[in-house]
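For reference, the structure is listed below as structure tokens.
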Amino acid sequence: MKVGIIGSGGREHAICESLKKSSKINEIFCFPGNAGTAHIATNININLQDFEILKNFIIEKKINLVVVGPEKPLVEGLVDYLKKYEINVFGPNKIASQLEGSKIFTKQLCKKFNIPTAEFGIFQNKEEANKFIEKTNFPLVVKADNLASGKGVYICENLTEAYAAVEEIFKGKFGKAENLLIEEYLKGEEMSFFTIHDGKKFKDFSTAQDHKRVLEGDKGKNTGGMGAYSPSRLISDELKKKIIDRIIKPTLEGLSELGTEYQGFLYTGLMIVKNEPYLIEYNVRMGDPECQTILPKLKTDLFEILNACCNQKLNEINIEWSKKKSLCIVVCSKGYPETIQKNIELKNLDKIKFDKNNFMFHAGTKKENNKTYAISGRVLNFISLSDDFATARKNIISNISKLNWTGGFYRKDIGHKVIDK
Ligand code: AMP
Ligand code: GLY
């Protein structure tokens with residue numbers, strides 16, 4: 001079988017590696033992939049905005065299954081487009097992808113179905129938003145409605161920060177803003193809860209804890225994710241039941257009222273407050289870097305799972321997991337999540353010795369003339385599987401020190417809530 005993976009991050013490299021393990025797969029294409037996927041797949045550099053070129057390539061190469069990694073093509077309707085040409089594709093359709101594409105869509109669904117979430121208001125202009133802010137308690141959260149790679153969220157401690165957030169969003173920092181969201185700040189511990197859906201049935205797909213802030217101690221700006229560990233220390237059967245009954249099932253009911261169903265990975269971003277789950281956001285894909293911690297624990301053939309989902313036969317698959325603890329640290333270019341320097345060479349990659357429990361996925365890298373360059377904010381993901389999180393983190397830090405890359409930085413405290421209690 002041939003598979004195609006859309007995307008170029010650490011998540012897509014992890015998906016590629018998992019699919020490579022399947023005895024059913026003999027060829028992998030990545031659109032466009034990175035320097036890591038280049039070792040195990042054919043990277044195809046085509047413009048992902050141009051669905052027609054992509055579709056023609058998939059048909060010409062007779063690709064049996066296409067997996068869409070990132071949110072942008074999902075929100076733009078790539079799945080609907082490819083399905084029109086009878087291409088087997090794993091991921092949610094355009095309507096269902098609104099769960100991530102519009103925070104306001106999700107908040108309104110929460111309101112209608114009584115899904116626990118932070119109190120919120122929607123504002124169409126700066127004046128209205130500022131008037132509200134002046135009467136509200138701090139901290140509060142200001143959010144752009146549209147996709148912003150995890151960066152369109154401001155946790156504001158005071159009026160000055162809140163005014164600045166409103167100003168930046170309405171000035172178009174995250175694309176044209178017709179409205180923004182102001183939310184109550186939920187104080188608790190975050191958890192990423194994953195499910196996999198075939199349109200009719202769904203199963204859980206493990207949990208993780210991301211670290212969104214750029215600096216150690218969970219300080220500084222929000223990022224796409226600086227590191228993760230799996231499973232989350234918070235998960236229990238009781239909590240899982242609450243999440244499924246109060247959040248996921250009503251959401252699927254809401255989609256069904258809109259005449260659609262959900263197929264793909266669903267990432268439920270939660271704040272757990274005194275063992276009660278509150279929905280912070282949905283993402284219509286695997287998390288990045290959560291995926292890099294979860295897939296290496298998967299014992300079942302990923303191709304069989306995804307293929308079963310495309311045929312609405314997920315109930316015939318038993319998904320099995322390793323009991324190991326998994327941790328990932330993201331190495332970023334200096335300056336991330338703000339301005340970074342691009343095209344800095346990574347010189348010491350071949351000095352690091354990896355093994356089956358200690359390895360690396362590439363994210364923002366490219367290969368040119370046999371050299372590897374960092375080309376975006378999040379560059380490399382180091383992963384370790386171990387019997388405990390502390391050992392996993394120690395192994396990773398030892399590997400990153402061999403990289404000795406002066407152009408980058410990383411958080412040494414990933415997993416602090418579970419390791420350094
Ligand atoms: P989002 O893109 O909506 O997931 O927000 C990014 C991050 O901001 C989340 O992962 C949380 O760390 C934080 N955040 C978002 N909304 C809230 C909230 N209402 N209360 C507390 N923290 C929040
Ligand atoms: N790790 C956060 C995300 O994938 O959105």
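None of these values were measured; they are calculated from a predicted model. Read the numbers this way: they start at 1 and go in the same order the structure lists the ligands and their atoms.
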Check: Which is it for Asp210 and ligand 1 at heavy atoms under 4.0 Å: side chain, backbone, both or neither?
Finding: neither
Show the atoms of ligand 1 that are less than 4.0 angstrom away from any heavy atom in [X].
X      : result
Val141 : 16 (N), 17 (C), 18 (C), 19 (N), 20 (N)
Ile280 : 3 (O), 4 (O), 15 (C), 16 (N)
Met271 : 21 (C), 22 (N)
Glu184 : 18 (C), 19 (N), 20 (N)
Tyr185 : 20 (N), 21 (C), 22 (N)
Glu190 : 9 (C), 10 (O), 11 (C), 12 (O)
Ala118 : 19 (N)

Parallel, tilted or perpendicular for [X] and [Y], by the 30°/60° rule?
X      : Y      : answer
Phe354 : Phe382 : tilted
His416 : His211 : perpendicular
Tyr267 : Phe194 : perpendicular
His13  : His362 : tilted
Phe123 : Phe132 : tilted

Margin query: I'd like to check whether Val153 has a polar contact with ligand 1, where a contact means an N/O of the residue lying under 3.5 Å from an N/O of the ligand.
Written below: no
Check: Looking only at non-hydrogen atoms, which of Glu183, Glu281, Lys143 approaches atom 15 (C) of ligand 1 most closely?
Finding: Lys143
Please confirm whether [X] comes within less than 3.5 Å of ligand 2 when only nitrogen or oxygen atoms on both sides are compared.
X      : result
Arg11  : no
Gly287 : no
Asp288 : yes
Asp210 : yes

Next item on the list: Kindly give the heavy-atom pair with the smallest separation between Ile329 and Arg393, and that separation in Å.
Entry: CD1-CG, 4.2 Å
Note to self: Ignoring hydrogens, what is the shortest heavy-atom contact between Ile294 and Phe205? Give both atom names and the distance.
What the structure shows: CG2-O, 3.8 Å
What are the atoms of ligand 2, with element, lying closer than 4.0 Å to any heavy atom of [X]?
X      : answer
Asn283 : 5 (O)
Gly224 : 1 (N), 2 (C), 3 (C)
Arg285 : 3 (C), 4 (O), 5 (O)

Within-shell test, [X] vs ligand 2, heavy atom, strictly < 4.0 Å:
X      : value
Cys291 : no
Glu281 : no
Lys212 : yes

Is it the case that [X] and [Y] place a side-chain donor and acceptor less than 3.5 Å from each other?
X      : Y      : value
Lys297 : Ser230 : yes
Asn395 : Ser398 : no
His39  : Thr37  : no

Margin query: Check contact between Lys103 and ligand 1, using heavy atoms of the residue and a distance below 4.0 angstrom.
Written below: yes
Quick one: do [X] and [Y] make a salt bridge, cutoff under 4.0 Å?
X      : Y      : value
Asp198 : Lys200 : no
Lys324 : Asp387 : yes
Lys299 : Glu320 : no

